[in-house]
Amino acid sequence: MLGPTFVMTPEAPPVPTTRAGYVAIVGLPNAGKSTLLNLFVGEHLSIATPKAQTTWQRVTGIVTEGSTQLVFLDTPGLLEARDLFQRAMRGAALEALAEADVVLLVVDASREPESGERERIVAALGEAHAPVHVAFNKIDVAPESSVEVWETWIAGLPGARAHRISATDGVGTSELLEALRADLPPGPFLFPEDEIATDPVRFFVTELVRETVFEQYHQEIPYSVICQVIEFREEQDPVYIGIDLHVEKRSQKGILIGKGGAAIRELGSASRAKIEHLLGRRVYLDLWVKPLESWRKSRAHLGRLGFRLPADDESTP
Ligand SMILES: Nc1nc2c(ncn2[C@@H]2O[C@H](COP(=O)(O)OP(=O)(O)OP(=O)(O)O)[C@@H](O)[C@H]2O)c(=O)[nH]1
Ligand SMILES: [Mg+2]
């Protein structure tokens, strides 16, 4: 007697019930990219100041809700790179664009485009192979005339979808978030559900000091100071954090320190308050000002500070 016959049929792969992907937030300097990332994540992850070129490196912020996970990549503003450091910044933005599943271009709609800016945006978007959403930001203060100039231009970008938003008061941002979710590819979550950031605590600590430098100093100083944690003793109470503030030129040391040390004291206490809020613990912050001659132009210095540098032979300046 013959036993039962089993017929093997190939099973279709299961359809994922979740959707997840990288959303690169790109745009010109000062458009409000970091403010928007912070609004989406609900935490002050990426430093934001009224000065242009605040963001120097990619900052990741994760928003998981229901069956979707958006992994936002905040990036440095797209600029015409004038030195090696600006090339590294531009490289970080282009790299995020190349990795993106969805692109979110943020435009400061409160002012009209300046010459060359639209071309710079188009050139950068060429790196992406993903749907493009455009957020016309600062709609709370934008004159209709300048919003229209940007909207007319965007209408000529094939496939780009426009949204009017304000990253400071939240107008239009829930609708934008929904539209971004709808463009996520199906797939498993890329990070654990309860994670909102991927960068190490030391990175956020140095960023908070840098943000305070941007707030307290002027002219070229914010662009000449780079911070590095040299000591981080968590087992102590208060937590001990030692940070080197590297300046580009010897002459900047005095400016940073100020008369009788007043400026650096103010920088220390404002930065410490922010770091204590981040860590939820008391902090003893030691700041050391040290010249690191022309660090913005030095491959060796930038490499040691952890920046990914463009290849030597890259044709753009
Ligand atoms: N009125 C208004 N101001 C905004 C809005 N969004 C951002 N800003 C302000 O614009 C300035 C720049 O914001 P950031 O978030 O640092 O801009 P960014 O695009 O990250 O700038 P970079 O990192 O320099 O490229 C800050 O002073 C923000 O408070 C908005 O919707 N309305
Ligand atoms: Mg920024």
Side-chain angles (χ1 to χ4, degrees), residues 23-61 72-82 85-97 103-114 117 120-121 124-125 133-144 146-147 150 162-177 197 199 203-204 206-227 274 296 307:
V23 182
I25 307 180
V26 296
L28 299 170
N30 206 45
K33 301 177 291 298
S34 304
T35 308
L36 186 58
L37 173 98
N38 293 341
L39 179 93
F40 283 154
V41 178
E43 288 288 338
H44 187 69
L45 277 190
S46 193
I47 63 169
T49 77
K51 295 191 175 81
Q53 296 179 48
T54 300
T55 305
W56 287 356
Q57 278 168 291
R58 170 201 288 211
V59 179
T60 305
F72 288 102
L73 307 175
D74 183 20
T75 62
L78 298 166
L79 31 77
E80 236 176 290
R82 295 216 170 82
F85 186 59
Q86 287 189 336
R87 280 173 55 194
M89 284 167 64
R90 193 168 139 271
L94 299 186
E95 202 175 74
L97 273 167
V103 173
L104 174 54
L105 168 66
V106 181
V107 167
D108 177 354
S110 72
R111 61 166 187 84
E112 292 191 16
E114 285 170 17
E117 286 184 337
R120 209 183 308 152
I121 294 171
L125 291 181
H133 291 260
V134 185
F136 297 108
N137 190 31
K138 309 196 187 182
I139 211 73
D140 52 310
V141 289
E144 189 58 28
S146 76
V147 185
W150 284 106
H163 311 264
R164 289 183 175 211
I165 67 153
S166 166
T168 44
D169 66 20
V171 167
T173 53
S174 316
E175 294 82 353
L176 170 60
L177 204 54
D199 292 299
F203 171 73
F204 293 113
T206 54
E207 285 290 272
L208 290 174
V209 177
R210 215 164 59 71
E211 181 179 64
T212 317
V213 171
F214 263 71
E215 287 163 352
Q216 291 188 5
Y217 297 85
H218 304 288
Q219 277 135 17
E220 92 284 6
I221 294 295
Y223 305 98
S224 308
V225 178
I226 194 152
C227 308
K274 292 181 185 186
R296 291 183 65 105
F307 287 91

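One-based numbering, in listed order, for ligands and for the atoms of each.
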*Is Thr49 close to Glu211 at the side-chain level, that is, under 4.5 Å between some pair of heavy atoms?*
yes
*Can you find an N or O of Ser34 that's nearer than 3.5 Å to an N or O of ligand 1?*
yes
*Examine ligand 1 and decide if any of its atoms is less than 4.0 Å from a heavy atom belonging to Gly27.*
no
*Proximal ligand 1 atoms for Gly77, defined as those under 4.0 Å from one of its heavy atoms*: 25 (O)
*Just need the protein heavy atom nearest to atom 6 (N) of ligand 1, so name the residue and atom and give the distance.*
Asn137 ND2, 3.1 Å
*Phe85 ring center within less than 6.0 Å of Trp56 ring center*: yes
_Main chain of Pro50, side chain of Thr54: is a donor-acceptor contact present, judged purely on distance under 3.5 Å?_
no
*Atom indices of ligand 1, in the order listed, that fall short of 4.0 Å to a heavy atom of Asp140*: 1 (N), 2 (C), 30 (C), 31 (O), 32 (N)
*Numbered atoms of ligand 1 (with element) below 4.0 Å of Ala52, judged on heavy atoms*: 24 (O)
*Would a distance-only check, ignoring hydrogens and angles, find a side-chain to backbone donor-acceptor pair under 3.5 Å from Trp150 to Arg111?*
yes
*If we only count N/O pairs under 3.5 Å, is Ile165 in contact with ligand 1?*
no
*Among all protein heavy atoms, pick out the one at the shortest distance from atom 31 (O) of ligand 1; state its residue, atom name and that distance to 0.1 Å.*
Ala167 N, 2.8 Å
_Backbone of Ala24 reached by a side-chain donor or acceptor of Arg58 within 3.5 Å_ = no
*Which is it for Ala48 and ligand 1 at heavy atoms under 4.0 Å: side chain, backbone, both or neither?*
both
*Would you kindly specify which portion of Asp169 sits under 4.0 Å from ligand 1, judged on non-hydrogen atoms: side chain, backbone, both or neither?*
neither
*Any side-chain heavy atom of Leu36 sitting closer than 4.5 Å to one from Phe72?*
no
*asked:* For atom 22 (P) of ligand 1, what's the nearest protein heavy-atom neighbour? Residue, atom name and distance, please.
replied: Asn30 N, 3.6 Å
*When you measure from atom 8 (N) of ligand 1 to every protein heavy atom, which one gives the shortest distance, and what is it?*
Lys138 CE, 3.7 Å
*Lys/Arg N to Asp/Glu carboxylate O, Glu117 vs Arg120, below 4.0 Å*: no
*Is there side-chain contact between Glu80 and Gln86, with heavy atoms separated by less than 4.5 Å?*
no
_Going by the rule salt bridge (charged side-chain N to carboxylate O under 4.0 Å, His left out), which residues pair with Glu215 if we only count those two or more places apart in sequence or in a different chain?_
Lys274
*Taking the side chain as every heavy atom from C-beta outward, state whether Phe307 and Ile226 have any pair of such atoms under 4.5 Å apart.*
yes
_If we set the cut-off at 4.0 Å for heavy atoms, which region of Gln53 has an atom near ligand 1: side chain, backbone, both, or neither?_
backbone
*Which residues satisfy the salt bridge (charged side-chain N to carboxylate O under 4.0 Å, His left out) test with Glu144, sequence neighbours excluded?*
Arg164
*Take the Mg ion (ligand 2) and tell me which protein N, O or S atoms are nearer than 2.8 Å.*
Ser34 OG, Thr55 OG1
*If you look at every heavy atom in Pro143 and Ser110, which pair is closest and at what distance?*
CD-O, 3.6 Å
*asked:* Assess whether a salt bridge exists between Asp74 and Lys33, defined as any Lys/Arg side-chain N lying under 4.0 Å from an Asp/Glu carboxylate O.
replied: no
_For His133, ring-ring contact (aromatic ring centres under 6.0 Å, His included) partners two or more places apart_ = His163
*Between Lys33 and ligand 1, does any nitrogen or oxygen pair lie at a separation below 3.5 Å?*
yes
_Side-chain donor/acceptor of Thr55 to backbone N/O of Thr75, under 3.5 Å_ = no
_Any non-hydrogen side-chain atom of Val171 less than 4.5 Å from a side-chain atom of Asp140?_
no
_Under 3.5 Å between any N/O of Ala31 and any N/O of ligand 1: does that happen in this structure?_
yes
*asked:* Checking contacts here: is it the side chain or the backbone of Thr168 that comes within 4.0 Å of ligand 1, counting heavy atoms only? Could be both or neither.
replied: both
_Region of Thr35 that comes within reach of ligand 1 [heavy atoms, distance under 4.0 Å]_ = both
*asked:* Can you confirm whether Leu28 sits close enough to Asp108 that some side-chain heavy atom of one is under 4.5 Å from a side-chain heavy atom of the other?
replied: no
*For atom 27 (O) of ligand 1, grab the closest protein heavy atom and report residue, atom and distance to one decimal in Å.*
Pro50 CA, 3.3 Å
*To which protein heavy atom is atom 23 (O) of ligand 1 closest, and what is the distance rounded to 0.1 Å?*
Thr55 OG1, 2.8 Å
_Top protein contact for atom 26 (C) of ligand 1, by heavy-atom distance_ = Thr49 O, 3.5 Å
*Look at atom 17 (O) of ligand 1 and say which protein heavy atom is nearest, naming residue and atom and giving the distance to 0.1 Å.*
Gly32 N, 3.0 Å
*Run the numbers for me: atoms of ligand 1, each under 4.0 Å from some heavy atom of Pro29, listed by number.*
25 (O)
